[in-house]
Trainee: 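Questions regarding the structure given below will be posed in turn.
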Amino acid sequence: MKNYHGCWPTMITPFTEDNKVDFKAIKLLVDWYVAHGADGIFAVCQSSEMFFLKPQEKLDIAKAVVEANEGRIKVIASGHTADDHTEQIEELGNMAKTGVDAVVLVSNRMAKKEEGADVFDKNAEDIFRQLPDVTFGLYECPYPYLRLLTDDFLSDCAKTGKLVFLKDVSCSNEIEKRRVGVVKGTTLSLFNANTSTLLDSWIDGYDGYNGVMANFHIDIYKWMYDHYTTEPKLAREVSDFLTMAAVTEARCYPVNAKFHYQLTGVPMSLVTRSKDVSLLNENSKHEIESLIRLEKLVRGKLGLKV
């Protein structure tokens with residue numbers, strides 16, 4: 001089995017009522033992830049509102065997650081948000097010093113939208129050259145624009161060991177099948193961020209899930225990961241539930257995730273930098289309350305702790 005596998009949340013950032021990072025809630029959240037079956041944590045990512053965090057906040061959050069985790073599961077982090085290439089080298093190098101297991105590159109930071117694969121490849125190679133001792137993953141972050149990796153780049157990174165982890169945001173089983181072939185026989189782990197294609201991507205050879213909805217019911221994702229080969233019919237039913245539940249992501253995330261945590265045992269404020277908290281209106285709250293009731297029904301059917 002590869003070193004990176006299983007079900008990983010994209011960690012949100014709790015803030016205090018006066019809009020500071022809530023480190024007490026971070027500790028509680030890490031414990032919640034571990035208790036609910038997470039195999040790893042992706043911190044300082046888009047769900048963490050990394051584009052709205054100050055440089056020092058990003059580093060402090062990564063350190064706090066590593067410390068709270070106490071080596072129980074793997075922790076990776078990004079914070080790769082700068083536009084300037086030189087600044088990117090500095091932020092990636094600093095993130096590597098926080099103690100995380102891997103530093104995650106963001107694909108749209110390595111070339112502008114109008115620039116081609118030649119610019120992307122050149123900038124990536126320079127990052128690898130200047131930070132030779134850093135273990136890297138890569139995230140096809142859809143914000144501010146989506147840049148998918150080319151097969152050639154992925155193949156090179158897989159064969160040379162430049163990357164250990166890819167968070168795939170293609171949302172395409174066709175692309176996922178192709179990528180399984182591209183990295184076959186290497187140690188590069190493929191993680192799917194998309195729920196609707198997730199089960200089929202695992203069947204085709206993907207190594208894990210790393211997505212938003214792990215903040216709501218990672219234990220149900222974990223059940224599907226552990227049982228999809230031995231209980232395929234039930235796993236498909238679970239996949240259908242998870243796919244419909246994932247519509248929640250398009251609402252007022254991550255505000256609604258923080259509300260979900262309030263109701264399920266991780267106290268935190270609703271303060272969010274990337275979204276207006278007022279988006280979580282009465283209707284949105286009812287949706288989360290309904291989701292929690294459905295989660296309990298599914299857990300009961302699967303024999304999980306309700």
Side-chain angles (χ1 to χ4, degrees), residues 1-11 37-43 45-47 73-78 80 100-110 117 120-121 124 128 134-142 146-214 218 221-229 232 235 238-239 242-243 246 249:
M1 183 174 288
K2 296 178 183 179
N3 289 331
Y4 294 79
H5 56 84
C7 297
W8 298 43
T10 51
M11 186 173 186
D39 295 292
I41 299 170
F42 184 3
C45 56
Q46 188 180 4
S47 284
I73 56 178
K74 286 189 177 296
V75 175
I76 61 177
S78 181
H80 183 198
V100 296
D101 293 288
V103 178
V104 182
L105 302 169
V106 171
S107 59
N108 63 43
R109 298 293 83 198
M110 293 191 286
F120 179 96
D121 293 347
F128 296 140
V134 176
T135 300
F136 283 111
L138 195 145
Y139 170 28
E140 293 173 323
C141 181
L146 177 61
R147 177 183 283 268
L148 297 180
L149 301 187
T150 65
D151 287 355
D152 287 343
F153 179 80
L154 188 60
S155 175
D156 175 70
C157 289
K159 292 174 182 177
T160 59
K162 295 173 184 175
L163 295 177
V164 298
F165 168 99
L166 171 66
K167 180 178 177 180
D168 180 312
V169 188
S170 68
C171 304
S172 166
N173 280 134
E174 179 184 355
I175 292 174
E176 290 155 7
K177 284 182 179 179
R178 193 172 72 239
R179 287 178 168 180
V180 169
V182 168
V183 307
K184 186 176 182 180
T186 74
T187 58
L188 198 161
S189 297
L190 299 174
F191 279 66
N192 193 345
N194 174 248
T195 301
S196 67
T197 61
L198 180 61
L199 178 55
D200 289 317
S201 72
W202 286 348
I203 293 170
D204 289 334
Y206 265 50
D207 302 289
Y209 168 69
N210 181 217
V212 163
M213 296 306 295
I218 191 169
Y221 279 95
K222 177 65 172 176
W223 183 94
M224 186 170 73
Y225 179 78
D226 288 340
H227 296 86
Y228 75 92
T229 59
V238 172
S239 174
L242 292 172
T243 296
E249 180 180 352

Trainee: Who passes side chain to side chain contact (heavy atoms under 4.5 Å, CB included) against V134, sequence neighbours left out?
Mentor: A96, V103, L131, F136
Trainee: Looking only at atom types and distance, does a side-chain atom of D101 sit under 3.5 Å from a main-chain N or O of V75, one as donor and one as acceptor?
Mentor: yes
Trainee: Write down the atom of C141, the atom of N108, and the distance for their closest heavy-atom approach.
Mentor: O-ND2, 2.8 Å
Trainee: V180 and D204: which non-hydrogen atoms are nearest, and at how many Å?
Mentor: CG1-O, 3.4 Å
Trainee: Could you state the interatomic distance from CG (L198) to CE (M224), rounded to the nearest 0.5 Å?
Mentor: 4.5 Å
Trainee: Determine whether a donor-acceptor pair (N or O, by modelled atom type, separation under 3.5 Å) exists between the side chain of S239 and the backbone of A235.
Mentor: no
Trainee: Could you check if a side-chain atom of V100 sits within less than 4.5 angstrom of a side-chain atom of I76, using non-hydrogen atoms only?
Mentor: no
Trainee: With rounding to the nearest 0.5 angstrom, report the NZ to OG distance, K167 to S107.
Mentor: 11.0 Å
Trainee: Who pairs with Y221 by ring pair (Phe, Tyr, Trp, His ring centres under 6.0 Å), at least two apart in sequence or on another chain?
Mentor: Y209, H217
Trainee: Listed by chain and number, what are the ring pair (Phe, Tyr, Trp, His ring centres under 6.0 Å) partners of Y206, not counting sequence neighbours?
Mentor: none
Trainee: Should the pair F165 and F42 be assigned to parallel (<30°), tilted (30 to 60°) or perpendicular (>60°) ring geometry?
Mentor: perpendicular
Trainee: Measure the spacing between CG of L166 and SG of C157 and express it to the nearest 0.5 Å.
Mentor: 9.5 Å
Trainee: Atom CG of L148 and atom CG of D168: how far apart are they, to the nearest 0.5 Å?
Mentor: 7.5 Å
Trainee: Can you tell me how far the OH atom of Y225 sits from the NE2 atom of H5, to the nearest 0.5 Å?
Mentor: 6.0 Å
Trainee: W223 vs H227 aromatic rings, parallel, tilted or perpendicular, using cut-offs 30° and 60°?
Mentor: parallel
Trainee: Check this for me: K162, atom NZ, are more than 12 non-hydrogen atoms of other residues, nucleotides or ligands nearer than 6.0 Å?
Mentor: yes
Trainee: Test of understanding: with side chain to side chain contact (heavy atoms under 4.5 Å, CB included), list the residues that count as partners of T186, not counting sequence neighbours.
Mentor: A158, V183, L188
Trainee: Closest approach of L149 and E140, non-hydrogen atoms and distance?
Mentor: N-OE2, 2.8 Å
Trainee: Considering residues at least two apart in sequence or located in another chain, which fulfil the salt bridge (charged side-chain N to carboxylate O under 4.0 Å, His left out) criterion with D39?
Mentor: K222
Trainee: Name all residues meeting the salt bridge (charged side-chain N to carboxylate O under 4.0 Å, His left out) criterion together with D152; count only those two or more places apart in sequence or in a different chain, and write none if there are none.
Mentor: none
Trainee: Is D207 close to Y4 at the side-chain level, that is, under 4.5 Å between some pair of heavy atoms?
Mentor: no
Trainee: Verify, without hydrogens or angle tests, whether S155 (side chain) and D151 (backbone) share a donor-acceptor contact under 3.5 angstrom.
Mentor: no
Trainee: Would you check if R147 and M110 make a side-chain contact, meaning some heavy-atom pair closer than 4.5 Å?
Mentor: no
Trainee: If the condition is side chain to side chain contact (heavy atoms under 4.5 Å, CB included), which residues does T187 pass it with, not counting sequence neighbours?
Mentor: none
Trainee: Under 3.5 Å, is there a donor-acceptor pair between the side chain of S78 and the main chain of V104?
Mentor: yes
Trainee: Taking salt bridge (charged side-chain N to carboxylate O under 4.0 Å, His left out) as the test, write out the residues that go with D200, two or more places apart.
Mentor: R236
Trainee: Excluding sequence neighbours, so at least two apart, what forms side chain to side chain donor-acceptor pair (under 3.5 Å) with T197?
Mentor: E176, N192, N194
Trainee: Any idea which heavy atoms bring G137 and A102 closest together, and the distance?
Mentor: N-CB, 4.5 Å
Trainee: Considering all heavy atoms of both residues, which atom of T150 and which atom of A117 are nearest to each other, and what is their separation?
Mentor: CG2-CB, 4.5 Å
Trainee: Tell me, with the steps shown, if V164 and N3 meet side-chain contact (heavy atoms from CB on, under 4.5 Å).
Mentor: CA-CA 8 Å; V164 298; N3 289 331; over 6 Å; no
Trainee: Closer than 3.5 angstrom, by distance alone: can the side chain of D121 be matched with the main-chain N or O of F153 as a donor-acceptor pair?
Mentor: no
Trainee: With sequence neighbours left out, write down each residue that passes side chain to side chain contact (heavy atoms under 4.5 Å, CB included) with A38, or none if nothing qualifies.
Mentor: P9, Y33, I73, I218
Trainee: For F191 and G6, work out which heavy atoms get closest and say how close.
Mentor: CE2-O, 3.5 Å
Trainee: Among residues at least two apart in sequence or on other chains, which ones pass side chain to side chain donor-acceptor pair (under 3.5 Å) with W8?
Mentor: none
Trainee: Return the set of residues passing salt bridge (charged side-chain N to carboxylate O under 4.0 Å, His left out) with R109 (not counting sequence neighbours), or none when no residue passes.
Mentor: D83
Trainee: So, taking the atom named CZ in R178 and the one named CG in N173, what distance separates them when rounded to the nearest 0.5 Å?
Mentor: 12.5 Å
